[in-house]
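Beneath this line is the structure, given in structure tokens, with notes to follow.
Order of the sequence lines fixes the chain letters, A, B, ..., with proteins taken first and strands second; residue numbering starts at 1 for each chain.
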Protein chains: 2
Amino acid sequence: MTATALTPAEMTDRTGVSIDTLRYYEKEGLIQNVGRSESGHRRYSDEDVLWVEVLRCLRDTGMTMEQLRHYCDLGAQGDHTAPERKRLLTEHRAKVEEQIAARKEALKLIDHKLSYYEESSS
Amino acid sequence: MTATALTPAEMTDRTGVSIDTLRYYEKEGLIQNVGRSESGHRRYSDEDVLWVEVLRCLRDTGMTMEQLRHYCDLGAQGDHTAPERKRLLTEHRAKVEEQIAARKEALKLIDHKLSYYEESSS
DNA sequence: GAACAACCTGGAGCGCACTCCAGGTCAACC
DNA sequence: GGTTGACCTGGAGTGCGCTCCAGGTTGTTC
């Protein structure tokens, strides 16, 4: 099923997400069915790595924990929630587009201010 | 000097920044030399409006309060700090470019996930 | 001149997303 | 088998950027 089984420390190396945050995400339901060793230690799969990368991508673009929790809950409920998940993702996509547009405007404003400093070199 | 003198409420209408936040920014040194009426009430100038828009632009693109404070402190210190201010702005500009790039990557990932929902309509 | 809204100050409180801690278990190496 | 380090849990603490509150003054309107 899963080729590798990463320890929490290895998972942190792979994803850049701290052990504490990984546990927090799991507690909040954003990472589900995390494997365990016989002794109870977490063992992450390659799929977990990919999923955490998705989580970080969505978080870093402003999706809140609450929204992510909802999205994950829907996923756990089965295929019939696919349309709703598609809707959420499409909605978020639009927000990311807006963020890009806003940042392009910001660049204009910054460049305008920078033009005042034109003659001086750094 | 200043054509108009806006009350705090009018300033909020113009900039979308709440009265509390305006006072907070002033207390933190991000807005300096705010005018006062005889009775001690704040009176904002058109320049203040423009400046608050710059502040919001920088804040919304991830500049921290501390960095903004530093930038404003430099401005208050006079023209000889212009090179340093230019440097800070250029540095922030690069970050905004990175944010745009990261968001473009996010769009790719979102679109990839959305492709799984292709056949179902929302 | 009374009522009511807008303003003032200093300081406390809040929501979010982590991050850290205490007190204990497990594993690996000398 | 003892030490050392990675891991476990539940819960407390933190930092940021606001946001709200109490208690008081000012300004306008009837």
Side-chain angles (χ1 to χ4, degrees), chain A residues 4-45 48 51-73 92 95 99 102, chain B residues 4-45 48 51-73 92 95 99 102:
Chain A
T4 54
L6 304 171
T7 65
E10 287 165 345
M11 189 66 169
T12 291
D13 284 349
R14 292 280 179 96
T15 62
V17 177
S18 78
I19 293 176
D20 275 322
T21 300
L22 288 169
R23 280 197 287 251
Y24 169 63
Y25 284 177
E26 187 180 340
K27 185 157 55 177
E28 294 296 312
L30 305 197
I31 314 173
Q32 289 165 358
N33 307 317
V34 174
R36 295 280 175 150
S37 71
E38 288 188 353
S39 57
H41 290 191
R42 287 176 181 77
R43 288 297 115 96
Y44 295 97
S45 68
D48 291 332
W51 178 240
V52 166
E53 281 163 2
V54 171
L55 286 180
R56 284 312 318 175
C57 165
L58 295 174
R59 275 288 304 118
D60 288 346
T61 52
M63 192 175 278
T64 65
M65 290 297 290
E66 190 183 349
Q67 290 169 324
L68 278 171
R69 211 178 296 127
H70 183 205
Y71 184 75
C72 293
D73 286 352
H92 186 67
K95 278 192 198 150
Q99 290 170 11
Chain B
T4 55
L6 303 170
T7 66
E10 288 165 344
M11 188 67 170
T12 291
D13 284 348
R14 292 280 177 96
T15 62
V17 176
S18 79
I19 294 176
D20 274 323
T21 300
L22 288 170
R23 279 198 288 251
Y24 169 63
Y25 284 177
E26 187 181 340
K27 185 156 56 176
E28 293 296 312
L30 304 198
I31 314 174
Q32 290 166 357
N33 306 318
V34 174
R36 296 279 174 151
S37 70
E38 287 189 354
S39 58
H41 290 192
R42 286 176 181 78
R43 289 296 115 97
Y44 295 97
S45 68
D48 290 333
W51 178 239
V52 166
E53 281 163 2
V54 171
L55 286 179
R56 286 310 319 173
C57 165
L58 295 174
R59 276 286 307 119
D60 288 346
T61 52
M63 191 175 277
T64 65
M65 290 297 291
E66 190 183 350
Q67 289 168 325
L68 278 171
R69 210 177 297 129
H70 183 204
Y71 184 76
C72 294
D73 286 352
H92 186 66
K95 279 192 197 150
Q99 291 169 12

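- Taking every side-chain heavy atom of A/I19 into account, D/dC7 is the closest of C/dA6, D/dT9, D/dC7.
- Taking the nucleotide of DNA chain D with the nearest heavy atom to each of A/R23 and B/Y24, the more 5' of the two is matched to A/R23.
- Under 4.0 angstrom from either OP1 or OP2 of D/dC16 there lies no side-chain N or O belonging to B/R59.
- The closest donor-acceptor contact from the side chain of B/T12 to the backbone of B/I19 lies under 3.5 Å.
- Using a 4.0 Å heavy-atom distance criterion, B/R36 is classed as a sugar-phosphate-only contact.
- Summarising the geometry, the separation between CD on B/E10 and P on D/dG27 is reported as 15 Å, rounded to the nearest angstrom.
- We find that CD of B/E26 is positioned 11 Å from C1' of C/dC8, with the value rounded to whole Å.
- Distances shown here put every side-chain N or O of A/R42 at or beyond 4.0 Å from the OP1 or OP2 atom of D/dC7.
- Looking only at distances, no side-chain donor or acceptor of B/R56 sits under 3.5 Å from a matching main-chain atom of B/D60.
- In this structure, A/Y25 does not reach the C/dA17 phosphate: none of its side-chain N or O atoms is under 4.0 Å from OP1 or OP2.
- Taking the side chain of A/D20 as heavy atoms from C-beta on, and the options C/dT19, D/dT9, C/dC18, the nearest nucleotide is C/dT19.
- Atom CG in A/L22 sits roughly 16 Å away from atom P in D/dA6 (whole-Å rounding).
- Closest-nucleotide positions on DNA chain D for A/R43 and B/H41 were compared, and the one nearer the 5' end corresponds to A/R43.
- Note on B/T64: only backbone sugar-phosphate atoms sit closer than 4.0 angstrom, heavy atoms only; bases stay farther off.
- Not a single donor-acceptor pair under 3.5 Å links the side chain of B/T21 to the backbone N or O of B/V17.
- Remark: C1' of C/dC18 and CE of A/M65 are 9 Å apart, rounded to the nearest angstrom.
- Within the 4.0 Å cut-off from OP1 or OP2 of C/dA17, not a single side-chain nitrogen or oxygen of A/R56 is found.
- Annotation: the span from A/C72 atom SG to A/L55 atom CG amounts to 5.5 Å, rounded to 0.5 Å.
- Contacts of B/T7 with the nucleic acid, taken as non-hydrogen atoms under 4.0 Å apart, involve only primed sugar atoms and P, OP1 or OP2.
- Side-chain proximity of B/S39 to C/dA27, D/dG27, D/dT19: nearest is D/dG27.
- At whole-Å resolution of the value, CG in A/L6 and P in D/dC7 are 11 Å apart.
- Each of A/K27 and A/S37 lies near DNA chain C, and the nucleotide nearest A/K27 is the one positioned closer to the 5' end.
- Between the A/D13 side chain and the A/E10 main chain, no donor and acceptor come within less than 3.5 Å of each other.
- Atom CG in A/L68 sits roughly 9 Å away from atom P in C/dA17 (whole-Å rounding).
- For the pair B/E28 CD and D/dG17 P, the computed distance is 9 Å after rounding to whole Å.
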